[in-house]
Protein chains: 2
Amino acid sequence: MEKNKIKLPECSLHEIHHDTVMRVGESLPADETTYDLSDFFKLLGDSTRLRILFAIDREPLCVCDIAETLSMTKSAVSHQLKVLRQSDLVRYRREGKNVIYSLADDHVRDIIEKALEHINE
Amino acid sequence: MEKNKIKLPECSLHEIHHDTVMRVGESLPADETTYDLSDFFKLLGDSTRLRILFAIDREPLCVCDIAETLSMTKSAVSHQLKVLRQSDLVRYRREGKNVIYSLADDHVRDIIEKALEHINE
DNA sequence: TTAATAGTTGAACGGTTGTTCAACTGTTTG
DNA sequence: CAAACAGTTGAACAACCGTTCAACTATTAA
């Protein structure tokens with residue numbers, strides 16, 4: 001059973017480790033940077049969004065064609081496109097009844113390329 | 001109200017679009033590749049895991065020091081380290097009572113670097 | 001062996017998130 | 001105008017996921 005005791009920060013009595021903690025702590029990126037970074041990776045961390053990005057990377061596509069290419073409903077695709085729009089990962093323009101989506105950025109292509117190299121060892 | 005009717009795949013009657021869908025569909029990466037890729041990005045899509053990676057990128061650290069650096073419990077850190085271990089993103093070795101974690105891969109550093117460039121416009 | 005420290009683990013809880021459903025807006029055509 | 005097609009949206013639901021908690025293992029020192 002757990003004893004009733006005040007919980008001190010662990011390792012707090014180890015002077016050597018404490019220096020390490022200080023040194024490493026100061027060299028970490030700002031919290032906001034880390035959050036922005038993880039938010040960005042979260043966008044790519046969904047297979048549906050990745051497949052959308054792959055598809056419109058080949059050529060600009062309307063929502064309808066993306067949906068059919070991926071065997072998904074327009075609604076599901078549209079929800080994801082909204083997320084990608086709000087993060088400026090895709091561009092869009094209206095053409096008559098259609099809304100055409102395309103990749104907004106070359107960086108994203110590069111990052112995906114690098115990641116593909118990684119998972120292929 | 002919704003009408004009762006058979007739902008056909010949308011855009012199915014548009015021959016021009018159908019060609020597009022065929023062409024793009026064939027050029028997409030294999031499903032398994034996409035899943036592996038999204039799984040990889042999922043790993044980076046969490047600020048805790050990113051901060052762990054940043055920390056042990058500076059220098060190899062024991063779990064205790066990581067926990068204190070990030071102001072988290074050892075348990076929470078250990079759970080995330082397990083995920084990173086299972087994905088071969090970190091290495092570890094035991095040193096007496098401590099288990100020292102370090103970055104396993106240079107690719108990851110590169111990808112994070114690229115992503116940082118991206119979010120900084 | 002016992003106590004203390006370091007680390008791991010499984011279950012559970014709560015928040016997040018992707019898809020579905022139904023309804024809506026916007027555009028073109030008859 | 002109305003009908004048809006393209007796309008968007010909010011609510012709801014289920015599945016997923018990160019942290020906490022309590023207990024456990026492992027190593028070292030007394």
Side-chain angles (χ1 to χ4, degrees), chain A residues 1-5 7-14 16-18 20-21 35 38-39 41-52 56 61-68 70-87 90 92-101, chain B residues 1-5 7-14 16-17 20-21 35 38-39 41-52 61-68 70-87 90 92-101:
Chain A
M1 290 287 282
E2 278 275 308
K3 281 174 283 187
N4 273 344
K5 63 174 181 181
K7 289 218 177 179
L8 291 171
E10 278 133 2
C11 288
S12 58
L13 299 176
H14 301 245
I16 303 167
H17 288 192
H18 200 259
T20 302
V21 167
Y35 289 134
S38 63
D39 284 345
F41 284 126
K42 265 195 254 289
L43 290 171
L44 304 181
D46 176 76
S47 58
T48 295
R49 285 192 291 271
L50 275 185
R51 294 200 305 155
I52 290 175
I56 64 177
L61 293 173
C62 64
V63 178
C64 219
D65 285 350
I66 298 173
E68 194 176 339
L70 307 187
S71 302
M72 297 180 60
T73 64
K74 284 182 302 175
S75 177
V77 170
S78 185
H79 275 297
Q80 297 305 336
L81 284 170
K82 185 180 189 180
V83 175
L84 295 172
R85 244 188 291 132
Q86 288 170 338
S87 312
V90 301
Y92 64 105
R93 61 176 191 278
R94 187 172 267 280
E95 272 189 12
K97 277 191 286 193
N98 298 311
V99 178
I100 311 293
Y101 282 84
Chain B
M1 289 288 281
E2 277 275 306
K3 280 174 281 184
N4 273 346
K5 64 175 179 178
K7 289 217 177 177
L8 290 172
E10 277 132 0
C11 286
S12 58
L13 300 176
H14 300 246
I16 303 167
H17 287 193
T20 304
V21 167
Y35 288 134
S38 63
D39 283 346
F41 284 126
K42 265 196 252 289
L43 290 171
L44 303 181
D46 176 76
S47 56
T48 295
R49 285 192 290 268
L50 275 185
R51 294 201 304 155
I52 291 175
L61 293 173
C62 64
V63 177
C64 217
D65 285 350
I66 298 173
E68 194 177 338
L70 307 187
S71 302
M72 297 180 60
T73 64
K74 284 181 301 176
S75 177
V77 170
S78 184
H79 275 296
Q80 297 305 336
L81 284 171
K82 184 180 189 179
V83 175
L84 295 172
R85 242 188 293 134
Q86 288 171 338
S87 311
V90 301
Y92 64 104
R93 63 175 190 276
R94 186 171 269 280
E95 273 190 11
K97 277 192 286 193
N98 297 310
V99 177
I100 310 295
Y101 282 84

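Bear in mind that the values here come from a model prediction, so they are computed numbers and not experimental data. Atoms considered below: every heavy atom in the structure, side chains included; atoms not considered: hydrogens, waters and symmetry mates. We name chains A, B, ... by the order of the sequence lines, and we start the count at 1 in each one.
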Grab the two heavy atoms, one from A:S47 and one from B:S38, that are nearest each other, plus how far apart they are.
-> N-CB, 3.6 Å
For residues A:K42 and B:G45, report the shortest heavy-atom separation together with the two atoms involved.
-> NZ-O, 2.9 Å
Whole Å only: how far is the [atom1] atom of [X] from the [atom2] atom of [N]?
X      : N      : atom1 : atom2 : value
B:Y35  : C:dG18 : OH    : C1'   : 13 Å
B:K74  : D:dA26 : NZ    : P     : 16 Å
B:L61  : C:dA6  : CG    : P     : 14 Å
A:K82  : C:dT20 : NZ    : P     : 18 Å
A:L81  : C:dT19 : CG    : P     : 11 Å
A:I56  : D:dG7  : CD1   : P     : 13 Å
B:I100 : C:dA6  : CD1   : C1'   : 10 Å

Residues forming a side-chain contact (heavy atoms from CB on, under 4.5 Å) with A:R85, sequence neighbours excluded | A:K82, A:V90, A:Y92, A:Y101
For B:S78, enumerate each residue passing the side-chain contact (heavy atoms from CB on, under 4.5 Å) test, keeping only those at least two apart in sequence or located in another chain.
-> none
Reported CD1-to-CG distance for the pair B:I52 and B:L70, which is rounded to 0.5 angstrom | 6.0 Å
dist B:I66:CD1 -> A:T20:OG1 (nearest 0.5 Å) comes out at 11.5 Å
Validation row: B:M72, B:R51 side chains within 4.5 angstrom (heavy atoms) = yes
Tabulated below should be each protein N or O lying under 3.5 Å from an N or O of nucleotides 25-30 of chain C; please produce it.
none

For A:N98 and D:dC5, is the shortest distance between a side-chain N/O and OP1 or OP2 below 4.0 Å?
-> no
Between B:Y101 and C:dA6, is there a side-chain N or O to OP1/OP2 distance below 4.0 Å?
-> no
Throw together a table of side-chain donor-acceptor distances under 3.5 angstrom for residues 93-100 of chain B, partners on residues two or more places apart or in other chains.
from: B:R93; atom 1: NE; to: B:E95; atom 2: OE2; distance (Å): 3.1
from: B:R93; atom 1: NH2; to: B:E95; atom 2: OE2; distance (Å): 3.2
from: B:R94; atom 1: NH1; to: B:G96; atom 2: O; distance (Å): 3.1

Partners passing side-chain hydrogen bond (donor to acceptor under 3.5 Å, both in side chains) against B:R49 (at least two apart in sequence or in another chain) = B:Q80
Reading 5' to 3' through nucleotides 16-21 of chain D, protein heavy-atom contacts under 4.0 Å coded B for base, S for sugar-phosphate only, - for none | -SSBBB
Sugar-phosphate only, base, or nothing, as touched by B:Y92 at under 4.0 Å among non-hydrogen atoms | nothing
